[in-house]
Structures are given as structure tokens and as C-alpha cells.
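Every value quoted in this text rests on a predicted model; they were computed, and no experiment measured them.
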Amino acid sequence: MNKPTNDDLHGEQQDERRDHLLSRRRFIASLGAAGVAIAASGTLFPKAAEASSIDVFHVSDYPSVEAAVAAANAAGGGTVYIPPGTYWISSTMHISSPIYIVGAGNGNDTSNTNGSGFGVTTLRWSGSSGATMFYFKSATTSHYLFGGGIERLAIRGDNALGTAIRGSSVGLMRFATIEVRDVLQQGILLDADNGVLTQFNTIEDYSYVYGATPPVENANGIVLRGNTSAGVTQNHIISVKGLVHNGSMLRIEWSDNNVVEKLFGVASGSGTTLYLANGVGGHATYNYIQYMVGKVHAESNTSGNRIAHLISEGSNLSADPGAQLHYEVEDYVRAALYTTHKFAMSDTLSLSAGSLTLMGGGAAHGISALQWPCIAMPDGVFSKAGVVIPSVNTWDNGTITTLTVRFSTDSASTAGKSFRLRVRASSYGAGSGIATPEKDVSALIAAPVSSYSYHSYDIPLALSYQMNDGVFISLEREGAHSGDTASVEWKLLGVDIHYVSAGPYSPGSGTYAVTKPYI
């Protein structure tokens, strides 16, 4: 069957469209600020001659949707309203002005889980195979096109449309409450093909279904694609759902710092819900997905991307060698939570006396207060214990700031007496010698005047630490030193090693304060 032209439809559907026009209140509400202007003018459905003054272009006043969009574009922008009905589109609508295209809705009443593909306002394709329906792009190379978008309509590609909506080097656009299906390449494509960034756009309540014929099985729902000149960055995708076969619900390549709040997609065949791809000269990096369900794949050079919450039901995650991906996945059966590696901005490594090795002198394992395991260091002799820490996998480049020693005495000391403690600390890398200079700190610690009491003392270290370093620490009571005036046994219960990260060290990155811990 031959598809009808817009000329055929215009006469047949004119009465139907006018019968289904929105009420004044609903129409004005749907247009937001433009609706306020209409209400103020006293004209609900402006004619073409009046459109330029109030920036609203009603499709019923034009021969076709394309004609209404062309009129808005020639006027430098405005709102194009497409009332209820089905409209055949035969050519690409090139939009170089901030135009907002508003339909009457994309919803339908159907028993099909994926919807019927028809909305209150539906656009169908009768043009050449592989073409684009809506193409937003400045008429001037290396310029941005800011503002505009599309809302509340359904687009059917009829197995011939290449791309439903494309934006090249665009910003501050909004694409909301849209359903797309039966396209050959992708539903929405945001790229940087006009020579500058695409950024700060919003996609919300978007539904995509690939269709049921082989030509559309490889298509993607949304594609974010930068190039050698510029990237696609800092866009906001709020809610996406749908069905893909061999394509991806969301494909990201050479794009960074985009935020996705909710991503749902059933992928059959070789398809994925999220595909993080290498690009020509750049790759998908540092994109954030807050919540998703479905299959994920990351190509070899992608890095810094994060999935904050992935539900395991119906999901799997694969990655090529060399890919790096942060994610947290929840087991849908046991509610167990799994997470990938991350570095600590600050950390404390606590070691009991049993973790330390006796290193000579009078040091001996013992018991304090008849119940606490300790290393006993008597008066009058040198007593030494230490520990070797191979590495801490949550520590990056940073500083071991402080060593807290925890100790007790079984006997009370005379007021004003002190223990003299010497701490030596150094870091070392694999295959290298001990780092110099070694930290060598002596401290006088006031002896407790009450028996069976627990105490702590902080010793500043300021020891530089590099990722994967090991650490040597030794503690020695210099019981024979003239500065050690306490005559009671010093009992070491354990130590706390405090670490602070230097934080990110990318070019231009500032310092990162580490605030007071909760406890």
C-alpha cells in the first residue's frame, strides 16, 4: 500500500484535528511560558500571520508539519504545536533556531508491554531510507544552537527512517515524553559535528522499541558521540526505557561527564542496555549512571565510568581487556551488595599488640589488667617491637600523618614521670630500598598516676606514601635512657596508623580537604 502524502492527509484530517483540539486550559498549560503569551493575547489558536508576534505556530494553520517548523525556523524560533493525529513526514526538518516542538501526548491504551507505537500525536516516516526526521544544528559552523527541543509525541520510523532526532553542537535543549520505534540507526543522536561541544541537554521519559523486522534490529535508543574536534558532555538523561535487539539502549562514545538517573532496557540478541565505546581519538570516560537494570559492556580504552546501582536481575556486565569501570551491583536474590575498588580520602589502620613482632630487648608478650593482650616493655632496658605492612589497597598517594599508640600500666606511677618512646617509620616500593629520609621521632609520654588505666598518645609522622608502598614501623621504649623516668612497666596494647590521601592529581585539580571523621 502506498503511504498517503501530507496533501492527502491535510484535507481528510482537518476536521478530525479540530475536533480533538485541546481545551484552552490544557493547551495553555502544555505550552508553559508560550501559553501565558497566548492567554494574554486572547487568541487560543493563532493564524500564521499572527504567529511571529507570539512565537506559536499551530500545525493546523499550515499545509504540513514541515511547513510549520520551517515557518518557526524562518522567524528565528518559537513553539510549534502539533495537535492530535497521525502525520506523515517525508523530508528532514533542518532546525537552526531555538524551536520547541510540542505534541498532544505519546501515550496509548494497549495490552502490549512495549506500547502500540501510536500516541495522541504520532509522526510517521515516508521519506528516503536512512534520513533524519528532526535535525537541530546552527547554520554557522562552530556555533552552538542553544534552546528548543521536542516533547509529547510518538515517532515511527516505518523501517526506513535512519534517525528520529539529531542534535549537533547543541545546548540547553529538552527532549521529553517521546517514544521512538522502527528506526534504522538510532532514536536520538547527540553529537558534536558542528565543531563545538554538545552539552547541558536533557532527555526525560524517553521510550525506544527497535521493532520486529531485520532492518531495525541493530539500531540504538540513544547515542552520545563526540569527535576529534569536540565532545558530548554534561548532558542529563533522567529516565529511559525500552527494547533493543542487537543495538544498545544507550551508547556512549567519546563523551564524558554525562549523568544518567534511570536506565532500563531489555536487550535480546547481542544487544546491551549500556554500551561504553572507544571513539576515534577519544573514548567514553567519567560518565555516571545512578540506577540501571540490564546488560553492560565496556570497550578496552573506556575508563572512569561509574554505575552507582546495578540490579543483578536480567543484568550482566562484560568488559574488554584494558577497560576500567566502577560499579556497585545488588544481588536480586540475596540482597548482597558488591562494589569495585575505590581509594580512601582518609583512613585509619588499627593493629593490636598481637599484630606486632617482638624485636629484642626486654619486650615480651603479656597481659595487662589481667585481660588485655599486650607487649610488655619494662623499665631500665631497651624494648622494641615492630610491624611490616606490605601495602594497603585503598591507599593512593598521600601521607601517613600520625601514629596513635594505645597503652596501659598495671601499676600507678609517681606524678611527673614519663616514658620515653622512639618511633621509626619508613615506606618502600616494590623492588626498591627503604625510602629516605626515614622518620625517627622520640616522644616523652606522661606516665599514668592510676593503675589499670587505658591511654593513648599521638605521635606526628608526616611520612610520604605512594600507591602500593609498604610501610615499616618500629616502637622502642628507651627504658635505660635518662629521659625515661617512670619506674613501672609500659604495656603496648596496639597502634593506629592514620593516612590522608593527596586526592585527585589530574591537571588543574585543586586540593581536597579531609574533614573531621564521624567518630
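Within 6.0 Å of atom OH in Y135, more than 12 heavy atoms from other residues, nucleotides or ligands are found, so the atom counts as buried in its surroundings. For Y327, the OH atom sits in a loose shell: 12 or fewer heavy atoms of surrounding residues, nucleotides or ligands are nearer than 6.0 Å. Within a 6.0 Å sphere centred on CZ of F146, heavy atoms belonging to other residues, nucleotides or ligands number more than 12.
Between F57 and Y62, the ring planes are tilted. Angles from 30° to 60° get that label. Relative orientation of the Y465 and W395 rings is perpendicular, given thresholds of 30° and 60° on the angle between their planes. Between F264 and Y291, the ring planes lie tilted relative to each other; the angle falls in the 30° to 60° range.
The structure places CG of D256 at 13.0 Å from OG1 of T302, a figure rounded to the nearest 0.5 Å. Interatomic distance, I389 CD1 to I400 CD1, rounded to the nearest 0.5 Å: 6.5 Å. Put simply, OH on Y206 and CD1 on I238 are 15.0 Å apart, with the number rounded to the nearest 0.5 Å. To the nearest 0.5 angstrom, L250 atom CG is 10.5 Å from I188 atom CD1. Rounded to the nearest 0.5 Å, atoms CZ (R166) and CG (D191) are 4.5 Å apart. Rounding to the nearest 0.5 Å places CZ of R251 at 11.0 Å from CG of L224.
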Dump the intermediate steps for side chain to side chain contact (heavy atoms under 4.5 Å, CB included) on I237 and I289, then the final yes or no. CA-CA 9 Å; I237 300 175; I289 293 84; over 6 Å; no

Could you walk me through whether H297 and D320 satisfy the side chain to side chain contact (heavy atoms under 4.5 Å, CB included) test, starting with their C-alpha distance in whole Å, then the side-chain angles of each, then the deciding distance to 0.1 Å, before giving a yes or no? CA-CA 8 Å; H297 183 75; D320 295 334; 3.2 Å; yes

Can you check side chain to side chain contact (heavy atoms under 4.5 Å, CB included) on I203 and L190, steps first, answer last? CA-CA 11 Å; I203 300 174; L190 296 181; 4.2 Å; yes

Taking it one step at a time, do Y208 and V244 satisfy side chain to side chain contact (heavy atoms under 4.5 Å, CB included)? CA-CA 8 Å; Y208 173 80; V244 293; 3.8 Å; yes

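Minimum heavy-atom separation, I82 to T121: O-OG1, 3.2 Å. Taking each heavy atom of Y275 and S248 in turn, the nearest pair found is CB-OG, 3.3 Å. Between L145 and K137, the shortest heavy-atom distance links the atoms CD2-N, 3.6 Å. Closest approach of V216 and G211 over heavy atoms only: CG2-CA, 4.0 Å. Smallest separation of non-hydrogen atoms from T273 and A267: N-CB, 4.2 Å. The heavy-atom pair separating T92 from A131 by the smallest distance is OG1-CB, 4.1 Å.
Of the N and O atoms on the side chains of E328 and H326, not one donor lies less than 3.5 Å from an acceptor on the other residue. Under the 3.5 Å distance criterion, with hydrogens and angles disregarded, no donor-acceptor pair is assigned to the side chains of E204 and H236. A donor and an acceptor atom, one from each side chain of S255 and N287, are nowhere located under 3.5 Å apart. S60 and Y81 share no side-chain donor-acceptor pair at under 3.5 Å.
With D396 contributing its side chain and M467 its backbone, the two residues share no donor-acceptor pair below 3.5 Å. Looking at S138, its side chain does come within 3.5 Å of a backbone N or O of T140 through a donor-acceptor pair. Between the N159 side chain and the P215 main chain, no donor and acceptor come within less than 3.5 Å of each other. In terms of modelled atom types and a separation under 3.5 Å, the side chain of N73 and the main chain of S96 share a donor-acceptor contact. S64 places no side-chain N or O within 3.5 Å of a backbone atom of I89 that could act as its donor or acceptor partner. A donor-acceptor pair under 3.5 Å links the side-chain atoms of N227 to the main chain of S229, judged by distance alone. In terms of modelled atom types and a separation under 3.5 Å, the side chain of S391 and the main chain of N393 share no donor-acceptor contact. Without hydrogens or angle criteria, E66 side chain to S90 main chain gives a donor-acceptor distance under 3.5 Å. Judged by distance alone, with hydrogens and angles left aside, the side-chain atoms of N201 form a donor-acceptor pair with the main-chain N or O of M173 at under 3.5 Å. Listed for the N235 side chain is a donor-acceptor partner under 3.5 Å among the backbone atoms of T233.
Contact annotation: the side chain of H309 never approaches that of Q290 to less than 4.5 Å [non-hydrogen atoms, C-beta and beyond]. With a 4.5 Å cut-off on side-chain heavy atoms, R181 and E179 count as touching. No side-chain heavy atom of M292 sits under 4.5 Å from any side-chain heavy atom of V260. Counting only heavy atoms from C-beta outward, the side chains of F134 and I101 approach each other to under 4.5 Å. V223 is not listed as a side-chain neighbour of T163, based on a closest heavy-atom distance of 4.5 Å or more. In this structure the side chain of R225 reaches within 4.5 angstrom of the side chain of D193, judged on heavy atoms. The closest side-chain heavy-atom distance from L153 to L123 is below 4.5 Å. Side-chain atoms of V471 and L349, non-hydrogen and from C-beta on, never get closer than 4.5 Å to each other.
When each of D205, V102, I178, N106 is checked for a side chain to side chain contact (heavy atoms under 4.5 Å, CB included) with R152, only V102 meets the rule.
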